[in-house]
There are 2 protein chains.
Amino acid sequence: MTENNNIERCEVTAIHEDVVEAVRETMPPEEKLFSLAEFFKVFGDTTRIRILYALFQSDMCVCDIAYLLGMSQSAISHQLRVLKQAKLVKFRKEGRVVYYSLDDDHIKSIFDQGYQHISERDTD
Amino acid sequence: MTENNNIERCEVTAIHEDVVEAVRETMPPEEKLFSLAEFFKVFGDTTRIRILYALFQSDMCVCDIAYLLGMSQSAISHQLRVLKQAKLVKFRKEGRVVYYSLDDDHIKSIFDQGYQHISERDTD
DNA sequence: ACAATATATGAATACTTGTTCATATGTTCA
DNA sequence: TGAACATATGAACAAGTATTCATATATTGT
């Protein structure tokens with residue numbers, strides 16, 4: 001009558017099977033969760049974060065970004081490719097110079113909320 | 001008179017030094033950018049994303065989470081430690097069972113925005 | 001005190017990832 | 001056409017990370 005018969009050994013079975021099944025119902029599809037992790041993975045690198053913050057302010061060419069961040073042109077170019085594939089930045093070519101700019105409206109507010117989190121956390 | 005004297009060779013110097021210096025002024029401190037990357041890194045893994053989505057719905061013990069996600073108790077325990085260190089989850093002990101729950105208000109809305117981004121992106 | 005069990009953790013391993021180095025591509029200017 | 005230059009890219013390497021395995025810790029019930 002109480003919460004019996006769910007209980008077996010852990011490792012294999014759940015302790016509260018009712019809770020587990022209820023939660024399972026609400027889980028988004030695996031594929032969406034995977035995409036979401038992929039999306040956030042892009043923000044999990046200081047170089048890419050710095051590039052995006054720079055682009056908040058102004059469109060910039062590869063060379064300028066490299067100079068600003070004190071990094072090699074190659075390193076920046078590789079990271080811009082990651083950002084491009086994630087559709088976070090777009091680019092336009094002017095002669096041999098390529099200007100990158102933001103291609104997403106959510107980034108800033110996502111960053112702001114992250115910023116808020118770490119600020120609150122660090123004052124505890 | 002035009003945009004001269006900024007221009008030297010890339011790799012070493014910037015093409016638009018004025019732009020670079022203007023952007024440099026607005027960059028948040030390195031330490032903050034680093035923390036931000038650390039913060040998002042936590043979301044860059046499917047297992048942790050899945051754990052957090054589960055906890056959106058209900059507090060859960062380690063064993064139930066492992067069962068729900070079809071993973072080992074050890075793997076879940078390791079990941080919960082990461083989430084704990086990031087102050088994203090908290091826990092309470094009841095006997096030998098440890099219940100984890102969310103410890104942050106921003107997570108859901110950050111996830112929602114990420115979700116929105118990938119949805120928009122995938123319909124282009 | 002002892003067996004059973006829920007969780008935590010250190011070490012090892014396989015995999016991923018960021019940067020560098022060398023080089024390729026494509027554009028401009030003489 | 002050729003030299004200079006901005007950017008892109010593949011391969012290699014180093015550093016980081018997620019999971020497993022074995023085991024430790026702590027709690028419960030007998």
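Each chain gets a letter, A, B and so on, in the order its sequence line appears, and its residues count up from 1.
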Query raised in the report: If you look at every heavy atom in B:Ser58 and A:Val19, which pair is closest and at what distance?
Result: OG-CG1, 3.7 Å
Of all the nucleotides listed ([options]), which has the minimum atom distance to the side chain of [X]?
X	options	value
A:Arg96	C:dT7, D:dT7, C:dG26	C:dG26
B:Ser72	C:dT7, D:dA8, D:dT20	D:dT20
A:Gln79	D:dT7, D:dT17, C:dT19	C:dT19
A:Val98	D:dT19, C:dA8, D:dA8	D:dA8
A:Ser77	C:dT19, D:dT9, C:dA8	D:dT9

How many Å lie between [atom1] on [X] and [atom2] on [N], as a whole number?
X	N	atom1	atom2	result
B:Ile65	C:dA6	CD1	P	14 Å
A:Arg50	C:dG18	CZ	P	14 Å
B:Leu83	C:dA8	CG	C1'	15 Å
A:Arg92	C:dG26	CZ	C1'	18 Å
B:Leu80	D:dA18	CG	P	13 Å
B:Arg81	D:dT17	CZ	P	12 Å
B:Gln85	D:dA18	CD	P	12 Å
B:Asp45	C:dC15	CG	C1'	13 Å

Report task. Measure the distance between the ring centre of B:His78 and the centre of the six-membered base ring of D:dT19, then answer whether it is under 5.5 Å with planes under 30°. Result -> no
Query - Derivation and outcome, salt bridge (Lys or Arg N to Asp or Glu O under 4.0 Å), residues B:Glu30 and B:Lys32 - result: CA-CA 5 Å; B:Glu30 279 303 307; B:Lys32 281 280 183 183; over 6 Å; no
Query raised in the report: Can a cation-pi geometry be assigned to B:Lys41 and A:Phe43, taking NZ or CZ under 6.0 Å from the six-membered ring centre and within 45° of the ring axis?
Result: no
**Report entry** Sugar-phosphate, base or nothing in reach of B:Tyr99, heavy atoms under 4.0 Å
**Finding:**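 No contact at all - B:Tyr99 keeps every heavy atom at 4.0 Å or more from the nucleic acid.
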Requested in this report: Identify whether any heavy atom of A:Phe91 sits under 4.0 Å from a base atom; if not, whether one sits that close to sugar-phosphate; answer base, sugar-phosphate or nothing.
Outcome: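 Result for A:Phe91 = nothing.
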Query raised in the report: Hey, is the side chain of A:Gln73 pairing donor to acceptor with the base of D:dA8 inside 3.5 Å?
Result: yes
Query - Base C:dC21 paired with A:Ser74 side chain (donor-acceptor, <3.5 Å) - result: yes
Query raised in the report: Which word best sums up how the rings of A:Phe111 and A:Tyr53 line up, parallel for under 30°, tilted for 30 to 60°, or perpendicular for over 60°?
Result: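 Geometry flag for A:Tyr53 against A:Phe111: tilted rings.
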Requested in this report: May I ask you to check whether B:Tyr99 and A:His16 show a side-chain donor-acceptor distance below 3.5 Å?
Outcome: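 Yes, because at least one side-chain N or O of B:Tyr99 sits under 3.5 Å from a partner of the opposite role on A:His16.
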Query raised in the report: With nearest nucleotides of DNA chain C determined for B:Ala75 and A:Thr47 from heavy-atom distances, which residue corresponds to the more 5′ nucleotide?
Result: B:Ala75
Query raised in the report: Hey, is the side chain of B:Tyr100 poking within less than 4.0 Å of OP1 or OP2 on C:dA6, counting only N and O atoms?
Result: no
